[in-house]
Enquirer: 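Pasting in a structure now, in structure tokens, and then I'll have a few things to ask.
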Amino acid sequence: RLMSRAWPAPLVVEVPAAPDTPAARGGFVRLRFPEHPLFDALVPAARDLGPVLVSDLGAATAEEAAARLGRAAGLVVNAGPRDAAARPTVVRATDAGYEVTEPGAVPKDEVDRLAA
């Protein structure tokens, strides 16, 4: 519910990942739908190809991200540096619920409202 109501937005949602998930960090994969013109064009164009997964790897370059993902990714894009003032809020979702693990541009009360 949170993702469908909030995205696109400066919001990252971490969900539990299988141990062999290439994009996983610490047992979680970070999902994101950025507010960026590149994604406004890329996501609709790629829908006919199958599911589109945008994963926030925290990699400094597209090359670093591609090396980390290996053959699991068909396309890796580095959309440039993030605006420090719009640092995304990170929400970790588990079977027990959710929590804001990294405060950012979306305040916790807004996360709570969107997840309700």
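In what follows, every heavy atom counts, from backbone to side chain, and hydrogens, waters and symmetry copies are set aside.
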Enquirer: Group every Ile, Leu, Val, Met, Phe, Trp and Tyr by side-chain heavy-atom contacts under 4.5 Å, then state whether V106 and V15 land in the same group.
Expert: yes
Enquirer: Looking at Y98, does the NZ or CZ of R92 lie under 6.0 angstrom from its six-membered ring centre and within 45 degrees of the ring axis?
Expert: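 The answer is no, since R92 fails at least one limit relative to Y98.
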Enquirer: Looking only at non-hydrogen atoms, find the nearest pair between L11 and A6 and report the distance.
Expert: CD2-CB, 3.6 Å
Enquirer: Please round to the nearest 0.5 Å and tell me the distance separating atom CE of M3 and atom CZ of R32.
Expert: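 Nearest 0.5 Å value for the CE-CZ distance: 14.0 Å.
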Enquirer: So W7 and L31, side-chain contact (heavy atoms from CB on, under 4.5 Å) or not? Walk me through it.
Expert: CA-CA 11 Å; W7 284 344; L31 305 175; 3.9 Å; yes
Enquirer: Could you tell me which non-hydrogen atom of A17 sits nearest to which non-hydrogen atom of A24, and how far apart they are?
Expert: CB-CB, 3.8 Å
Enquirer: For the residue pair V76 and A62, what are the closest heavy atoms and their distance?
Expert: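 Closest heavy-atom pair between V76 and A62: CG1-O, 3.4 Å.
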Enquirer: Walk me through whether V91 and V12 qualify under side-chain contact (heavy atoms from CB on, under 4.5 Å).
Expert: CA-CA 6 Å; V91 175; V12 173; over 6 Å; no
Enquirer: Show your reasoning for whether side-chain contact (heavy atoms from CB on, under 4.5 Å) applies to R25 and R68.
Expert: CA-CA 11 Å; R25 293 192 299 186; R68 184 170 169 193; 2.5 Å; yes
Enquirer: In terms of hydrophobic clusters joined by side-chain contacts under 4.5 Å, are V111 and F28 together?
Expert: no
Enquirer: Run the salt-bridge test on K108 and D112 with the 4.0 Å N-O cut-off and return the result as yes or no.
Expert: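 Yes, K108 and D112 are salt-bridged.
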Enquirer: Passes side-chain contact (heavy atoms from CB on, under 4.5 Å), V90 versus V13? Steps please.
Expert: CA-CA 6 Å; V90 178; V13 178; over 6 Å; no
Enquirer: I'd like to check E14 versus T101 (side-chain heavy atoms, cut-off strictly below 4.5 Å). Are they in contact?
Expert: yes
Enquirer: Treating R5 as the side-chain partner and L114 as the backbone partner, does any N or O pair qualify as donor plus acceptor under 3.5 Å?
Expert: yes
Enquirer: Do any N or O atoms from the side chain of T61 and from the backbone of E64 form a donor-acceptor pair under 3.5 angstrom?
Expert: yes
